[in-house]
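We count residues from 1, following the sequence as given. In this text, all values refer to a predicted model and were calculated from it rather than measured experimentally.
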Amino acid sequence: MSEPAARPAKPPTEPQPRAVKLDVLFRDQQHSLTRFFTRYRAGNDDARDLTQQAFLHYTQAEERSPGAVSKPEAFLRQIARNLLRNRARTAARHHQHDHVVADDEMIAGADEVRRLEARDGLARIEAALKKLKPKTREIFLAHRLDGMSYAEIAEVTGLSIKGVEKQMSKAIAHIDRCVGRT
């Protein structure tokens, strides 16, 4: 008997055109999609997972109806937005059980000692403010209560910015002494 004829080696098959297009699309869009997901509060690992999911959805859509997607980049973006939306809905559903009705829980009463200490502290600050010279008190309150900048106060009072800084330093030092912080 003769030996069976050796089969000729198959030439390497070239990848399918769809696989090549998908590979090119993945290389082009992977980083962009990952950045898109991280921009919307996904961690790096989650962003990579979501990117993979987006491409999985894309390939499934392509398999269902080949060539139906005319703008793959836009289609991927829409998939990405949908994935984020679904993720938010799922998170909301999972956290609904964490909601606590305030009427069902015991709320701690105000700590009487802290309240008395706060009232005493305010009384000391008020007394210290009353002891300040009127101009110094006006500058201090304009900055601390009204939120005015030193430049704005300087413009209103006619002082220089350095003068306002000096008045603020005096007021703060006086209040610290009266309240007992130093």
State which residues pass ring pair (Phe, Tyr, Trp, His ring centres under 6.0 Å) with His143; sequence neighbours excluded, sorted by chain then number. Tyr150

Atom pair CZ (Arg89) and CG (Asn82), whose distance is rounded to the nearest 0.5 Å: 8.0 Å

Indicate yes or no for a side-chain donor-acceptor contact from Ser32 to the backbone of Gln29 under 3.5 Å, with no hydrogens or angles considered. no

same_hphob_cluster(Ile175, Leu122) at 4.5 Å side-chain heavy-atom cutoff: no

Who are the side-chain contact (heavy atoms from CB on, under 4.5 Å) partners of Arg119, not counting sequence neighbours? Arg115, Leu116

Working to the nearest 0.5 angstrom, can you tell me the gap between Ile172 CD1 and His174 NE2? 12.5 Å

Taking only distance into account, with no hydrogens and no angle test, what donor-acceptor pairs under 3.5 Å do side-chain atoms of residues 48-58 form with protein atoms, sequence neighbours excluded?
from	atom 1	to	atom 2	distance (Å)
Arg48	NH2	Asp45	OD1	2.6
Thr51	OG1	Thr34	OG1	3.1
Thr51	OG1	Ala47	O	2.8

Which residues satisfy the salt bridge (charged side-chain N to carboxylate O under 4.0 Å, His left out) test with Asp28, sequence neighbours excluded? none

Find out whether Asp146 and Leu141 are in side-chain contact, i.e. whether some heavy atom of one side chain is under 4.5 Å from a heavy atom of the other. no

CG/Leu132 to CD/Gln167 distance, rounded to the nearest 0.5 angstrom? 9.5 Å

Would you confirm whether Thr157, through its side chain, and Ile153, through its main-chain N or O, come within 3.5 Å as a donor-acceptor pair? yes

Can you tell me how far the CG atom of Leu76 sits from the CZ atom of Phe36, to the nearest 0.5 Å? 11.0 Å

Answer yes or no: does atom CD of Gln78 have more than 12 heavy-atom neighbours from other residues, nucleotides or ligands under 6.0 Å? yes

Taken to the nearest 0.5 Å, the spacing of Ile139 CD1 from Arg144 CZ works out to 13.5 Å

The test is side-chain contact (heavy atoms from CB on, under 4.5 Å); show your working for Phe37 and Leu83 and say whether it passes. CA-CA 10 Å; Phe37 288 123; Leu83 285 171; 4.3 Å; yes

Salt bridge (Lys or Arg N to Asp or Glu O under 4.0 Å) contacts touching residues 69-81 (sequence neighbours left out): none

Give me each pair satisfying salt bridge (Lys or Arg N to Asp or Glu O under 4.0 Å) with a member in residues 122-139, each pair once, sequence neighbours excluded. Asp120-Arg124

Going from OG1 on Thr136 to NZ on Lys166, what distance comes out if it is rounded to the nearest 0.5 angstrom? 10.5 Å

